[in-house]
Amino acid sequence: MRLIVKSGGPQAYEEWRSLFAEVSPGIDVLDWFDPPADLRGIEYALVWAPEAGRLAELPDLKLIVSSGAGVDHILADPQLPGHLPIARMMLDVTAVEMSEYVLMSALMLVRDMKRMIVNQANRHWEDFFPPLRSTATRVGIMGLGSLGAAAADLLRRTGFMVSGWSRRRADLPGVRCHAGEAEFDAFLAETDILVCLLPATEATRGILNARTFARLPRGACLVNAARGSHMVQADLLAALDSGQLRQAVLDVFEPEPLDADSPLWTHPGVIVTPHIASTPSRRDRAVRAAELIDLHRRGEPLPNLYDRATGY
Ligand code: NDP
Ligand code: OXD
């Protein structure tokens, strides 16, 4: 069976080929950047940000596997064949790594790690009390799916007070769960560190905006590990400059890579990380893609399918 791969750039192809040769030798792995003349018989595609129109050129395509957990980079293609299933790359390690990233960010914000890193660069010894204490800090997580729920659990077990917000009401031990637009403001009002783990949809685009920031307690912090499209950058900078927000840890941007002259790089209240909150290895992804292809061939249900009705 034929699988075409676009993930990690042209230089990643050889690695994908040898990984699939190991985990599922029956799969013939084709290079998206050097495709065969005959595109017939390509039933599977493993992709990150495929160029518009390319998937539609594959006449026998049956399943699209996203190389990441999100699918917005695939849905951005206006010619995407609407009938094809899209499987999200969701591994146990995806949730573990994301939870660690969120915990790390929360601890950095609680201790003001940014200030210490800047002080070190300036050889400045400054003794100060941390601005927050973990056990007295309320972390509010937007999105309580595979990643939000796992992050909530780790934060709670570390001693943070955790609440969450989702479309339908979740039921998570030790987490105050809010649901829907009607409960959004109440959720924000009790949040010292706001964590965004929402999928990118029409409804969530620009949700990290001036209105949202204004409803947080003054001096609150933000962690965005979901998508750059959630954030209105000008509103974030204004909220940081006015003191409404104290600090932000940002892993995702629009566009990526973050522009070299973006003010976010040098803003004293911002910590930038390069979309690395959760990065399963290519080996892990090849194993999961091979499992998904196998399930699909056997006509069995696939886990973590993109749902066209909800948009995520
Ligand atoms: P899921 O689909 O499992 O969960 C999404 C959550 O968001 C659900 O709780 C859902 O509510 C909630 N939600 C969706 N729309 C709304 C809305 N309009 N209002 C309120 N809540 C809403 O997603 P994952 O947890 O797997 O992943 C989340 C995102 O994280 C991905 O889409 C991706 O963009 C990003 N990501 C980032 C990575 C990184 O390295 N930075 C790595 C992996 C993922 P409900 O429970 O009611 O359905
Ligand atoms: C993502 C990922 O969807 O890295 O952002 O998995």
Side-chain angles (χ1 to χ4, degrees), residues 7-8 46-50 64-76 86-102 104-105 140-154 162-172 175 177-188 194-209 212 223-231 249-258 271-282 284-285 288-289 303-312:
S7 177
L46 169 64
V47 288
W48 178 267
I64 302 169
V65 180
S66 169
S67 183
V71 292
D72 48 310
H73 56 100
I74 296 171
L75 301 177
I86 306 175
R88 303 170 53 225
M89 183 63 66
M90 182 48 67
L91 305 155
D92 291 347
V93 70
T94 315
V96 170
E97 289 199 357
M98 181 57 83
S99 309
E100 289 173 354
Y101 180 90
V102 172
M104 173 187 77
S105 302
I141 303 182
M142 300 165 77
L144 292 171
S146 340
L147 304 183
D153 187 49
L154 182 60
V162 185
S163 64
W165 180 71
S166 50
R167 224 161 43 87
R168 298 158 294 183
R169 190 174 313 283
D171 180 14
L172 301 171
V175 179
C177 293
H178 303 258
E181 276 178 36
E183 295 179 19
F184 189 45
D185 289 2
F187 159 76
L188 294 172
L194 181 66
V195 176
C196 182
L197 284 174
L198 290 167
T201 66
E202 278 308 309
T204 62
R205 182 167 192 88
I207 195 166
L208 300 175
N209 58 30
T212 297
V223 178
N224 185 15
R227 282 295 180 263
S229 60
H230 291 131
M231 197 182 68
V249 181
L250 308 174
D251 186 54
V252 284
F253 305 90
E254 192 175 69
E256 290 181 2
L258 179 61
I271 295 176
V272 168
T273 61
H275 199 144
I276 45 70
S278 179
T279 51
S281 68
R282 289 198 182 120
D284 287 342
R285 283 186 261 184
R288 173 49 55 94
N304 301 114
L305 277 187
Y306 161 66
D307 178 350
R308 286 192 164 73
T310 59
Y312 56 96

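Ligands are counted one by one from 1 in listed order, and the atoms in each one are counted from 1 as well.
The distance from ligand 1 to the heavy atoms of Val252 drops below 4.0 Å at these ligand atoms: 41 (N). Which parts of ligand 2 touch Gly68 is read off a 4.0 Å heavy-atom cut-off, strictly below it: atoms 2 (C), 3 (O), 6 (O). Interface atoms of ligand 2 facing Gly70, defined by a heavy-atom separation under 4.0 Å, are 1 (C), 3 (O). Counting atoms of ligand 1 from 1 in the listed order, those under 4.0 Å from a heavy atom of Met90 are 26 (O). The contact set between ligand 1 and Leu197, taken as ligand atoms under 4.0 Å from a residue heavy atom, comprises 28 (C). Close contacts of ligand 1 with Asp251, meaning ligand atoms under 4.0 Å from a residue heavy atom, involve 39 (C), 40 (O), 41 (N). The ligand atoms of ligand 2 that sit less than 4.0 angstrom from a heavy atom of Arg227 are 1 (C), 3 (O), 5 (O).
Protein heavy atom at the shortest distance from atom 6 (O) of ligand 2 is Ala69 N, 2.7 Å. Ala69 CB, 3.5 Å is the protein heavy atom nearest to atom 43 (C) of ligand 1. Of the protein's non-hydrogen atoms, Arg167 N, 3.1 Å is the one closest to atom 21 (N) of ligand 1. Atom 38 (C) of ligand 1 has as its closest protein heavy atom Met98 CE, 3.4 Å. Atom 4 (O) of ligand 2 has its closest protein heavy atom at His275 NE2, 3.4 Å. The protein non-hydrogen atom at the shortest distance from atom 4 (O) of ligand 1 is Gly145 CA, 3.1 Å. If you check which protein heavy atom lies closest to atom 19 (N) of ligand 1, you get Trp165 CH2, 3.4 Å. Among protein heavy atoms, the minimum distance from atom 32 (O) of ligand 1 is reached at Pro199 CA, 3.4 Å. When hydrogens are left out, the protein atom nearest atom 22 (C) of ligand 1 is Leu198 CD2, 3.5 Å; that is the closest non-hydrogen contact. Among protein heavy atoms, atom 2 (O) of ligand 1 sits closest to Tyr312 CD1, 3.4 Å.
Taking 4.0 Å as the cut-off, Ala225 counts as a neighbour of ligand 1 on heavy-atom distance. Heavy-atom separations between Arg88 and ligand 2 are all 4.0 Å or longer. By the 4.0 Å heavy-atom criterion, Arg88 is counted among the residues contacting ligand 1. In this structure, Ala226 is part of the shell of residues with a heavy atom less than 4.0 angstrom from ligand 1. The closest approach between His73 and ligand 2 stays at or above 4.0 Å for every heavy atom of the residue. Residue contacts with ligand 1 leave out Thr201, since none of its heavy atoms falls under 4.0 Å from the ligand.
Residue contacts with ligand 1: Leu144 is placed with a nitrogen or oxygen under 3.5 Å of a nitrogen or oxygen of the ligand (distance criterion only). Backbone and side-chain nitrogen or oxygen atoms of Asp72 are examined, and none is located within less than 3.5 angstrom of a nitrogen or oxygen of ligand 1. At least one N or O atom of Leu147, backbone or side chain, sits closer than 3.5 Å to an N or O atom of ligand 1. Annotation: Ser146 places an N or O atom under 3.5 Å from an N or O atom of ligand 1; distance criterion only. Between Ser278 and ligand 1, an N or O atom pair is found at a separation short of 3.5 Å. An N or O contact shorter than 3.5 Å links Arg227 to ligand 1 by distance.
With Arg168, Glu181, His230, Arg169 as candidates, the residue nearest to atom 45 (P) of ligand 1 on a non-hydrogen basis is Arg168.
At a heavy-atom cutoff of 4.0 Å, ligand 1 is contacted by no atom of Thr310, backbone or side chain. In Ser166, the parts holding a heavy atom less than 4.0 Å from any atom of ligand 1 are both the side chain and the backbone. For Met89, no heavy-atom contact with ligand 2 is shorter than 4.0 Å.
The closest side-chain heavy-atom distance from Leu197 to Val102 is below 4.5 Å. Residues Val272 and Phe253 meet the side-chain proximity criterion, which asks for heavy atoms closer than 4.5 Å. Looking at heavy atoms from C-beta onward, Arg285 lies in side-chain contact with Ser67 at the 4.5 angstrom threshold. No side-chain heavy atom of His230 sits under 4.5 Å from any side-chain heavy atom of Met142. Between Thr204 and Arg227 the shortest side-chain heavy-atom distance does not fall below 4.5 Å. Looking at heavy atoms from C-beta onward, Arg288 lies out of side-chain contact with Val65 at the 4.5 angstrom threshold. Annotation: side chain of Leu188 is in contact with side chain of Thr212 (closest heavy-atom distance under 4.5 Å).
Under the 3.5 Å distance criterion, with hydrogens and angles disregarded, a donor-acceptor pair is assigned to the side chains of Thr273 and Tyr101.
Rounded to the nearest 0.5 Å, atoms CG (Asp284) and CE (Met89) are 9.5 Å apart. Distance check, rounded to the nearest 0.5 Å: SG of Cys196 to CG of Asp251 gives 11.5 Å.
Side-chain rings of Trp48 and His73 approach one another, their centers coming within less than 6.0 Å.
None of Ile141, Asn224, Ile207, Leu208 except one satisfies the side-chain contact (heavy atoms from CB on, under 4.5 Å) rule with Leu198; the exception is Ile207.
Nearest approach of Leu144 to Cys177, heavy atoms of both residues: CD1-SG, 4.1 Å. Between Tyr306 and Arg88, the shortest heavy-atom contact is N-CG, 4.4 Å. Of all non-hydrogen atoms in Ile86 and Arg308, the two that sit nearest each other are CD1-NH2, 4.1 Å. When all heavy atoms are compared, the tightest approach of Val93 to Ser278 is O-OG, 4.2 Å.
The 12-atom threshold is not exceeded at CG of Asp92, counting heavy atoms of other residues, nucleotides or ligands nearer than 6.0 Å.
Not a single donor-acceptor pair under 3.5 Å links the side chain of Trp165 to the backbone N or O of Gly143.
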